[in-house]
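Computation of the quantities below employed the complete heavy-atom set of this structure, encompassing side-chain atoms and omitting hydrogens, waters and symmetry-equivalent molecules. In the text below, chain A, chain B and the rest are named by the order of the sequence lines, each starting its count at 1.
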Amino acid sequence: MQYSRLLVPTMRNMPADAEVVSHQLLLRAGYIRRVTSGVYDYLPLGLRVLRKIEAIIREEMNRAGAQELLMPMVQPADLWEKSGRLHKYGPELCRFKDRHEHESCLGPTHEEVICDLVARELRSYKQLPMNLYQIQGKFRDEIRPRFGLMRGREFVMKDAYSFHVDDACLQREYDRMFATYQRIFTRLGLEFRAVEADNGSIGGASSHEFHVLADSGEDLIAHCSHCDYAANIEKAVAAVETVTGQAADKTVLATPNTTAAEDVADLLGVPLALVVKTMLYRQQGGDNDGQLVAVCVRGDDEVQEMKLARLLGTDAVELAADDDFASAGGVKGYIGPCGLSVAVYADQSLQGASGLVVGANRPDAHCTGVSLERDADIHQWADIRAVRDGDGCQRCHEGTMVLRRGIETGHVFALGRCYSEPMGVCFQDANGKRAVATMGCYGIGVSRLMAAIIEQRHDEHGIDWPSHLAPFQLSLITLGNKAPVMEASAKLYRALQDAGYDVLWDERRERPGVKFRDHELIGMPWQIVLSERSLERGEVEFSARRAARNPVAIDGIMSHLAVTLEG
RNA sequence: CGGGGCGUAGCGCAGCCUGGUAGCGCACCAGACUGGGGGUCUGGUGGUCGGAGGUUCGAAUCCUCUCGUCCCGACCA
């Protein structure tokens with residue numbers, strides 16, 4: 001490709017509203033342009049890289065025995081009615097009516113469509129297991145699209161769905177997909193981590209997320225410094241550490257204008273860990289939608305709301321409004337677990353602890369000498385705290401938990417029969433009996449991956465693509481525009497093409513600095529420079545991005561490339 | 001949903017408070033000089049000032065509404 005013919009609108013100025021580096025560089029280097037909120041054009045360079053990422057994913061999926069198909073983006077609402085998700089999914093699902101007034105939606109995911117297909121075509125257990133995948137555009141009407149390709153509304157996803165006769169077979173496929181994902185992320189040159197993930201309200205055996213480690217990541221993940229335990233913060237569990245104070249009788253103390261746990265600890269001169277925080281939550285969704293619950297954690301801990309929601313069997317929890325406190329029997333700022341009219345859940349780290357401080361449920365007062373077991377009616381003890389950096393590992397009991405930020409780019413999920421059952425994905429088993437298939441699903445955010453790779457691989461000059469992901473294999477940069485250099489360059493360009501190289505020839509009438517900077521910005525891994533100066537010596541210069549340029553005889557460049565680029 | 005910021009040329013911005021010819025840098029076009037790290041000079045092209053309404057002799061500027069966009073918050077009692 002000749003540079004002057006290529007649409008690469010590089011920008012010298014930083015786009016004002018790009019926050020994260022991948023978004024900035026994708027815009028500046030001319031890879032993407034925004035069409036509307038969370039929706040982007042992939043310009044030629046962007047598409048080239050996207051296709052290379054897809055190719056790796058495709059290769060590894062095929063290698064693992066999965067087969068590619070393509071499902072529609074437009075889906076009929078009745079399929080979603082059938083799975084029970086039409087009403088559950090919420091406004092993220094973009095719905096519309098076609099001209100016949102048929103309810104439709106844009107696919108945010110394809111469990112319904114694939115189940116509909118497989119339900120029709122699956123007859124015998126002999127057809128199983130089966131793993132079908134596609135690489136396709138998805139639409140999710142996110143509340144807040146941001147960070148360019150990191151959280152878009154329209155994005156490219158690889159989604160795979162597997163079907164099995166039983167859960168043992170599903171587990172084998174799950175493990176195979178797990179290994180496949182590890183291969184994919186490794187081939188993409190990423191520093192990543194697979195973590196146990198919350199499997200939410202769906203249930204099922206297991207779920208792992210694959211996170212690309214980056215400070216700009218929206219997720220927090222915890223892993224052990226010693227063993228291989230790693231989990232999303234929404235699920236991570238640490239070793240229980242019970243801190244207990246001196247056993248004493250429950251006593252009410254005046255604590256005027258002291259509501260925050262830290263202030264109470266300071267005022268009373270007790271460790272923060274012994275001051276119990278009592279939080280009032282309202283459930284959202286589930287059988288007890290709207291109901292209030294109280295939750296106790298140590299003063300130095302925080303409630304992990306996803307854990308709480310899962311424990312309660314609700315979709316989500318939100319902190320109660322100010323006027324909810326009276327109905328629960330508490331006072332905002334001084335709420336405590338003793339004598340509340342709502343169910344109280346307490347973190348297991350408080351079980352057996354005595355000498356605690358809790359809110360007295362009346363203004364300007366706390367109670368000391370409290371034991372929750374003795375003095376409060378605890379509905380359930382459970383792990384509802386968020387793991388903190390430095391907590392002990394509950395698996396190996398040797399390491400400590402390390403918290404890092406990650407970009408969720410992959411997710412593998414053992415679904416079980418939660419979709420196949422309502423969608424009627426059945427087959428005849430070996431005994432001639434009708435059985436429901438069990439199912440797994442496996443996603444990779446392809447366009448998000450492109451951003452995630454840049455988050456890890458960039459410098460002040462631009463993108464530093466792994467060479468096999470760069471939009472072109474190498475650059476041929478011509479300096480000067482007199483006939484001899486141009487002719488020699490054109491000849492070399494053709495020779496490179498004939499040898500099968502995907503080369504970007506920069507034949508623009510630009511000054512050297514402009515060219516060098518553009519190629520560095522867009523992340524070209526290798527460059528050949530041909531100038532009047534080098535031509536006189538019968539040489540070109542060859543270098544990796546940002547590295548020193550070395551002279552190579554023009555006659556020898558092909559063999560030099562063959563050695564260097566293959567290695 | 002709530003709070004805040006911002007919409008002026010492709011990008012980055014000034015002008016607005018205090019109404020009176022729409023500007024600057026980069027990019028782009030033409031020419032010249034240059035020619036190994038975003039060069040210099042000369043001359044140009046390009047803008048419904050997000051949109052609608054209002055106030056006014058006159059609105060980018062003041063008022064109202066609206067749309068878009070970005071960020072923050074999702075209350076740790």
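- Between A/Glu520 and A/Arg545 there is no salt bridge, since no side-chain N of the basic residue sits under 4.0 Å from a carboxylate O of the acidic one.
- Using a 4.0 Å cut-off between charged nitrogen and carboxylate oxygen, A/Asp198 and A/Lys235 do not count as a salt-bridge pair.
- At whole-Å resolution of the value, CZ in A/Arg33 and P in B/A27 are 16 Å apart.
- Atom P of B/U64 sits at a distance of 44 Å from the matching atom of B/C29, rounded to the whole Å.
- Contacts of A/Ala321 with the nucleic acid, taken as non-hydrogen atoms under 4.0 Å apart, are absent.
- Here B/G53 sits opposite B/C63 as a Watson-Crick or G-U wobble pair (both hydrogen-bonding atom distances under 3.5 Å).
- Nearest nucleotide to the A/Ile143 side chain, out of B/A77, B/G36, B/A74: B/A74.
- Within residues 327-337 of chain A, the residues that place at least one heavy atom under 4.0 Å from RNA chain B are, in residue-number order, A/Lys332, A/Gly333, A/Tyr334, A/Ile335.
- Residues A/Asp315 and A/Arg310 are not paired through a salt bridge, judged by the lack of any N-O separation under 4.0 Å between the basic side chain and the carboxylate.
- Pairing partner, B/U48: none, since no Watson-Crick or wobble contact has both distances short of 3.5 Å.
- When the C1' atom is compared between B/C6 and B/C13, the two are found 12 Å apart, to the nearest whole Å.
- A/Asp324 and A/Arg282 are joined by a salt bridge, as a carboxylate oxygen and a charged side-chain nitrogen come within less than 4.0 angstrom of each other.
- Within 3.5 Å, a donor on the side chain of A/Glu541 pairs with an acceptor on the base of B/G36, or the reverse.
- Residue contacts shown for A/Asn481 include a base, since a base heavy atom lies under 4.0 Å away.
- B/G2 and B/C72 make up a base pair, with Watson-Crick or G-U wobble contacts both under 3.5 Å.
- One atom, CZ of A/Arg28, and another, C1' of B/G38, lie 10 Å apart when rounded to the nearest Å.
- If you take CD of A/Glu510 and C1' of B/A27, they are 10 Å apart, rounded to a whole angstrom.
- Between B/G15 and B/G20, the two P atoms lie 13 Å apart (nearest whole Å).
- Scanning atom types as modelled, one donor and one acceptor separated by under 3.5 angstrom connect the side chain of A/Arg511 and the base of B/U34.
- The distance between atom CD of A/Glu142 and atom P of B/C70, rounded to the nearest whole Å, is 13 Å.
- Look at A/Asp391 and A/Arg385 and you find a salt bridge, because one of the NZ, NE, NH1 or NH2 atoms lies within 4.0 Å of a carboxylate O, short of that distance.
- Contacts of A/Ser37 with the nucleic acid, taken as non-hydrogen atoms under 4.0 Å apart, involve only primed sugar atoms and P, OP1 or OP2.
- Under the 4.0 Å criterion applied to side-chain N and carboxylate O atoms, A/Arg404 and A/Asp215 are not assigned as salt-bridge partners.
- For the pair A/Glu539 and A/Arg537, the salt-bridge criterion is met [side-chain N within less than 4.0 Å of a carboxylate O].
- When both distances must be under 3.5 Å, the Watson-Crick or G-U wobble mate of B/G43 is B/C29.
- Remark: A/Arg34 fails to qualify as a cation-pi partner of A/Tyr40 under the 6.0 Å distance and 45° angle criteria applied to the six-membered ring.
- When both pairing distances are held under 3.5 Å, B/G38 makes no Watson-Crick or G-U pair with any nucleotide shown.
- Comparing B/U69 with B/U8, their P atoms sit 14 Å apart, to the nearest whole Å.
- Distance check on atom P: B/G7 versus B/C76 gives 33 Å, rounded to whole Å.
- The side chain of A/Ala261 approaches B/A77 more closely than any other nucleotide in the set B/G38, B/G36, B/A77.
- A/Lys515 has its NZ atom 11 Å from the C1' atom of B/G35, to the nearest Å.
- With hydrogens and angles ignored, no donor-acceptor pair closer than 3.5 Å exists between the side chain of A/Arg34 and the base of B/G10.
- Using a 4.0 Å heavy-atom cutoff across all strands shown, A/Gln304 reaches no nucleic acid atom at all.
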Verify side chain to side chain contact (heavy atoms under 4.5 Å, CB included) between A/Leu535 and A/Ile554, making sure each step is shown before the conclusion. CA-CA 8 Å; A/Leu535 186 59; A/Ile554 294 181; 3.8 Å; yes

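- Nucleotide B/U69 holds its P atom 10 Å from the OH atom of A/Tyr40, rounded to whole Å.
- For the P atoms, the distance linking B/C67 with B/A59 amounts to 25 Å, nearest Å.
- Between the side chain of A/Glu532 and the base of B/G35 there is no donor-acceptor pair of N/O atoms closer than 3.5 Å.
- Figure legend. B/C13 is base-paired to B/G23; pairs are counted as Watson-Crick or G-U wobble with both atom distances under 3.5 Å.
- Here A/Thr258 pairs with nothing under the side-chain hydrogen bond (donor to acceptor under 3.5 Å, both in side chains) rule; sequence neighbours left out.
- Contact check of residues 11-20 of chain A against RNA chain B (heavy atom, cut-off under 4.0 Å) returns A/Met11, A/Arg12, A/Asn13, A/Met14, A/Pro15, A/Ala16, A/Asp17, A/Glu19.
- As judged by a 4.0 angstrom heavy-atom cut-off over every strand, A/Leu27 is placed among residues making no nucleic acid contact.
- Taking atom C1' in both B/U55 and B/G43, one finds a spacing of 43 Å when rounded to whole Å.
- Along RNA chain B, the nucleotide nearest A/His23 and the nucleotide nearest A/Ser531 are compared for position; the residue whose nucleotide lies closer to the 5' end is A/Ser531.
- By the 4.0 Å N-to-carboxylate-O rule, A/Lys250 lies too far from A/Asp375 to be salt-bridged with it.
- The side chain of A/Thr36 approaches B/U69 more closely than any other nucleotide in the set B/G37, B/C76, B/U69.
- RNA chain B is contacted by both A/Met279 and A/His461; A/His461 maps to the nucleotide lying nearer its 5′ end (nearest heavy atom per residue).
- A salt bridge does not link A/Arg146 to A/Glu19: none of the charged side-chain nitrogens sits closer than 4.0 Å to a carboxylate oxygen.
- Between A/Tyr31 and A/Trp465, the angle of the ring planes lies from 30° to 60°, which puts this pair in the tilted group.
- Nucleotides B/U21 and B/G58 are separated by 13 Å at their C1' atoms, to the nearest Å.
- In this structure, A/Arg533 reaches the bases: a heavy-atom distance under 4.0 Å links it to at least one base atom across the strands shown.
- Rounded to an integer number of Å, the gap from CZ of A/Arg146 to P of B/U69 is 16 Å.
- Here B/G37 presents its P atom at 10 Å from CG of A/Leu479, a figure rounded to the nearest Å.
- Each of B/C75, B/A77, B/G36 was ranked by its minimum atom distance to the side chain of A/Phe516; first place goes to B/G36.
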